[in-house]
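Per chain, numbering begins at 1; letters A, B, ... match sequence-line order.
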Protein chains: 2
Amino acid sequence: MNLKITSDTTAKTSGNAAVPQKNIKTILKQLESDGIIGISVDCVIFGFDDNELKVLLIKSDLEKFDNKWSLLGDLVNNHEDLDQAAYRILKERTGLDDVYLEQVKAFGDVGRHPAARVVTIAYCSLINIEHHKLKITDNELHWHRVTTLSDMAFDHRQILDVCYEWLQKRIQEHPLGFSLLPKQFSLRELQNLYEAILDVKLDRRNFRKKFFSMELLEDTGELETDVPHRPGKLYKFNYEKYQKKERKKWFGIDF
Amino acid sequence: MNLKITSDTTAKTSGNAAVPQKNIKTILKQLESDGIIGISVDCVIFGFDDNELKVLLIKSDLEKFDNKWSLLGDLVNNHEDLDQAAYRILKERTGLDDVYLEQVKAFGDVGRHPAARVVTIAYCSLINIEHHKLKITDNELHWHRVTTLSDMAFDHRQILDVCYEWLQKRIQEHPLGFSLLPKQFSLRELQNLYEAILDVKLDRRNFRKKFFSMELLEDTGELETDVPHRPGKLYKFNYEKYQKKERKKWFGIDF
DNA sequence: ATTATAATGTGTAATTTGTACACAATTAGC
DNA sequence: GCTAATTGTGTACAAATTACACATTATAAT
């Protein structure tokens, strides 16, 4: 599920190929007049900063959605897998190629794109904002709070909502959250992350007890720096150990 | 999530339109030569019979996959939503239009279809085999055991695996399972269903206790018939009550 | 009618898991 | 050295899960 690929984006331009942004309208117009369904990928890129969940958005380039915010997406190249297309977009926009990325859902309602029939595959990506802070000097690319955000282009608000709910559920069952933090993190940071994403208040001692009992956090021996109080220990998540754990198929019926 | 729509399939034939089966190869050939990505929907239709999970398959009509089994699918019509396309296929093949249906995942690897580049959206459907037993006299349409099954066309084995795992997880968190049973069912039937799908053995008393404590099963006052032993009570699932329940966002971290 | 068979229906004790809660120890900043 | 702020830790209670056995009821065979 958790994909880590360095995508090769040297495919040729043909069909629904990746092309410079300014030609995309021409392609869509062509698709529409030919009665062809286009395929795109949209990336919901989450980051965590200032104890809040953020999403990376760009200003829409369609007149209809003037001044509205849009997810990062592009048409899928004829010679690349869907996952590769998502990686390509992510790399183009953030410069990162070693990130958590997972497909969430396809959105394909007839009227979702004003220019043509386009089915889009939504991907969810989690990145550490600190790591690429300098690279997003692009055109109108900005982080936005997930909770207070409206005026999105297309059906991107709906896509974002679905991905956010997906994340809330997923983070409790899989170790995704660490992708939003530095490699080394304090338990306080981890708890803040869970509290922000789930919008709940958790007991500090029980939270620690839970994570320690999983035995997947490694004490790095280092301490926080630059905090105006007693520094906490820094831990890192042990992915190898997690991978080796056998998955149980019985969780218990609960609905 | 749980969609129940009666699909309208009167759309015209244009572009990736729904067409008689024999023309599909022509369309694919055209797509390939034009460098266009096709979009299809594939339905993984599960049924439960003889205490085993079954899946509804058809013989592939491609030479390359001669004698291999294939999911039920079709190209997406230019004027229908993805969900509608899935419903259309389901209705065409089973005659049923009041069924559980949910999107699971898009599959779009470059080489997954031999004739052209085709991205497919996989849907999972759960139906009661008894209810439509007579309608599947179609060409080579048959139920297959999920566990002992190989030789599938395209990447359909992979799609089936993903959908089966999806089902195993989903059935523990959402009341899907009832769609595989008659409207009225005994607790034994329900437990058999869970045991078969999850491949686990469950304690009968604890299983009952769990379901009764949820207070979503209604005693119909009726009893099983045609069993060669003491008949069990028949229950039905109360969907209205379930819908009214508030969803909790905190389940507890566990991975 | 009697009996054998095969399942239903039920309760309790033991274990595990989750929750609520308070105080001493450590570091930075003044 | 004193204050402020946060870390680090344990225990008692509640809730949920698990393990487990026997009387009851209908059918089927005799």
**Asked** Taking only residues two or more places apart in sequence, or in another chain, which ones meet Tyr235(A) in a ring pair (Phe, Tyr, Trp, His ring centres under 6.0 Å)?
**Response** Phe212(A)
**Prompt:** Parallel, tilted or perpendicular for His156(A) and Phe154(A), by the 30°/60° rule?
**Reply:** tilted
**Fill in**
Asn192(A) meets the side chain to side chain contact (heavy atoms under 4.5 Å, CB included) criterion, sequence neighbours left out, with Phe48(A), Asn51(A), Arg188(A), Glu195(A)
**Fill in**
Across all chains, not counting sequence neighbours, the ring pair (Phe, Tyr, Trp, His ring centres under 6.0 Å) partners of Tyr164(B) are none
**Request:** Please name all residues satisfying side chain to side chain contact (heavy atoms under 4.5 Å, CB included) with Phe251(B), sequence neighbours left out, ordered by chain then number.
**Result:** Gln172(A), Lys248(B)
**Request:** Evaluate whether atom NZ of Lys59(A) has more than 12 neighbouring non-hydrogen atoms of other residues, nucleotides or ligands under 6.0 angstrom away.
**Result:** yes
**Residue mapping more 5' on DNA chain D - nearest nucleotide basis, Arg204(A) or Arg230(B)** = Arg204(A)
**Request:** Using the closest heavy atom to pick a nucleotide of DNA chain C for each, name whichever of His229(A) or Lys233(B) lands nearer the 5' end.
**Result:** Lys233(B)
**Fill in**
Nt span of DNA chain C in reach of chain A heavy atoms at under 4.0 Å, 5' end first, is dG18(C) to dA28(C)
**Complete:** Those residues at least two apart in sequence (or on a different chain) that pass salt bridge (Lys or Arg N to Asp or Glu O under 4.0 Å) with Asp155(B) are Arg112(B)
**Prompt:** Hey, what do you get for CD1 (Ile253(A)) to CD (Glu173(B)), rounding to the nearest 0.5 Å?
**Reply:** 11.5 Å
**Request:** Scan residues 210-228 of chain B against DNA chain C and write down, sorted by residue number, each residue with any heavy atom closer than 4.0 Å; if none is found, say none.
**Result:** none
**Fill in**
Sequence neighbours excluded, the answer for side chain to side chain contact (heavy atoms under 4.5 Å, CB included) partners of Asp203(A) is Arg205(A), Asn206(A)
**Message:** With the threshold set at under 4.0 Å for non-hydrogen atoms, list the residues of residues 182-201 of chain B touching DNA chain D in residue-number order.
**Reply:** none
For nucleotides 10-15 of chain D, give me every protein contact, N/O to N/O, under 3.5 Å, one pair per line with atom names.
{"unit_1": "dT11(D)", "atom_1": "O4", "unit_2": "Lys209(A)", "atom_2": "NZ", "d": "3.1"}

**Request:** For Glu222(A), check side chain to side chain contact (heavy atoms under 4.5 Å, CB included) against everything at least two apart and list the hits.
**Result:** Gln184(A), Thr220(A), Leu234(A)
**Asked** the helix from dA1(C)-dT30(D) to dC30(C)-dG1(D): angle between its terminal axes, five pairs each, to 10°?
**Response** 20°
**Prompt:** In terms of ring plane angle, is the pair Tyr242(B) and Phe237(B) parallel, tilted or perpendicular, where the classes change at 30° and 60°?
**Reply:** tilted
